[in-house]
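As the structure is a prediction and not an experimental result, all values here were calculated from the model.
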Amino acid sequence: MRKDAVVADRTSPDEELMRALYEEHAGPLLAFVIRLVAGDRQRAEDVVQETLLRAWRNADQLRRATGSARPWLVTVARRIVIDGHRSRQARPQEVDPAPLELVPAADEIDRALRLMTISDALGDLTDAHREALIETYFKGRTVNEAALELGVPAGTIRSRVFYALRSMKLSLEERGVTA
């Protein structure tokens with residue numbers, strides 16, 4: 001007994017149907033699908049493979065059908081292409097993150113350290129000097145507005161801000177911060 005005769009004895013009707021479908025329809029189906037996917041051969045081959053897989057799953061239905069199986073295969077392939085297109089439209093396009101590595105990021109660590117140092121230096125001031133500095137520099141109020149807020153004359157606010165800034169400068173220099 002020849003080797004191919006043994007193999008033929010072991011093949012099932014589904015395998016015979018799939019071989020026949022592939023031999024008869026795979027070429028024309030691939031040509032049809034390539035046009036649907038704008039010439040993307042790899043994608044077209046995937047669609048043909050998925051179409052034939054669905055044909056294998058529905059072998060009983062195809063065996064009972066009269067006439068050619070090509071209209072069924074073409075319809076399934078077209079629907080697979082449409083489904084693929086719809087799923088790509090529903091999902092945002094993926095982009096390569098490599099260009100983001102070239103964009104310099106703001107260094108927030110320096111800013112955070114600077115703010116911590118300033119906060120520590122503010123702690124060295126007297127309460128009156130700290131309040132005057134916070135009202136004018138950090139809250140952005142004018143001398144007159146700060147005076148009204150703190151309930152002291154405007155001249156006192158000017159004096160406190162002057163001495164607060166001088167103390168802050170010394171305090172920051174002690175921490176190694178220079179202008």
Side-chain angles (χ1 to χ4, degrees), residues 1-123 133-141 168 172-173 175-179:
M1 187 180 264
R2 289 185 359 208
K3 185 177 179 182
D4 51 345
V6 173
V7 172
D9 287 344
R10 289 192 218 158
T11 59
S12 68
D14 288 349
E15 289 177 30
E16 290 173 17
L17 174 68
M18 292 311 301
R19 278 196 178 89
L21 284 176
Y22 184 82
E23 289 171 5
E24 186 176 345
H25 302 291
L29 189 60
L30 181 64
F32 171 74
V33 174
I34 284 177
R35 286 192 306 271
L36 290 179
V37 295
D40 185 350
R41 185 172 181 86
Q42 183 177 2
R43 199 162 134 221
E45 289 173 352
D46 289 344
V47 170
V48 169
Q49 183 178 7
E50 178 65 24
T51 302
L52 291 173
L53 179 66
R54 290 183 187 185
W56 177 67
R57 289 180 183 154
N58 294 294
D60 292 336
Q61 178 185 347
L62 287 174
R63 207 176 285 111
R64 284 180 292 194
T66 57
S68 175
R70 189 169 295 172
W72 187 89
L73 294 169
V74 167
T75 301
V76 170
R78 191 168 98 355
R79 288 180 180 164
I80 291 170
V81 171
I82 290 169
D83 290 346
H85 177 71
R86 286 179 180 161
S87 69
R88 279 188 299 285
Q89 294 300 320
R91 182 177 176 194
Q93 184 179 0
E94 294 178 10
V95 294
D96 184 21
L100 293 177
E101 295 173 3
L102 302 175
V103 176
D107 190 5
E108 294 295 320
I109 293 176
D110 287 341
R111 182 176 181 268
L113 290 173
R114 189 171 45 252
L115 290 174
M116 288 172 53
T117 305
I118 291 170
S119 179
D120 285 346
L122 278 172
L133 204 56
I134 288 173
E135 291 297 321
T136 55
Y137 276 86
F138 295 106
K139 292 185 179 177
R141 293 192 171 127
M168 281 287 290
L172 290 172
E173 285 175 354
R175 289 175 170 76
V177 178
T178 58

Kindly determine whether Trp72 and Val76 satisfy side-chain contact (heavy atoms from CB on, under 4.5 Å), including the steps that lead there. CA-CA 6 Å; Trp72 187 89; Val76 170; 3.8 Å; yes

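Of the candidates Leu113, Ile118, Thr117, Thr117 is the only one forming a side-chain contact (heavy atoms from CB on, under 4.5 Å) with Val177. The side-chain contact (heavy atoms from CB on, under 4.5 Å) test with Leu73 is passed by exactly one of Arg78, Arg54, Glu24, His25: His25.
Put simply, CD1 on Ile80 and CZ on Arg43 are 11.5 Å apart, with the number rounded to the nearest 0.5 Å. Remark: Ile134 CD1 to Arg141 CZ distance equals 11.0 Å, nearest 0.5 Å. Atom CD1 of Ile34 and atom CG of Leu29 lie 10.0 Å apart (nearest 0.5 Å). If you take CG on Leu133 and CG on Leu122, they are separated by 6.0 Å, rounding to the nearest 0.5 Å. To the nearest 0.5 Å, the span separating CG on Asp46 from CG on Leu53 amounts to 12.0 Å.
Summarising the geometry of Arg70 relative to Pro28, their closest heavy-atom pair is NH2-CG, 3.5 Å, with the distance given to 0.1 Å. Val33 and Ala44 get closest at one heavy-atom pair: CG1-CA, 3.6 Å. Met18 approaches Leu52 most closely through the heavy-atom pair CE-O, 3.0 Å. For the residue pair Val47 and Ala77, the shortest heavy atom distance occurs at CG1-O, 3.7 Å.
When the shell of 6.0 Å around CD1 of Ile109 is examined, it contains 12 or fewer heavy atoms from other residues, nucleotides or ligands. Within 6.0 Å of CZ in Arg79 there are 12 or fewer heavy atoms belonging to other residues, nucleotides or ligands. Within a 6.0 Å sphere centred on CD of Glu173, other residues, nucleotides and ligands contribute more than 12 heavy atoms.
Residues that satisfy the side chain to side chain contact (heavy atoms under 4.5 Å, CB included) test with Asp110, not counting sequence neighbours, are Asp107.
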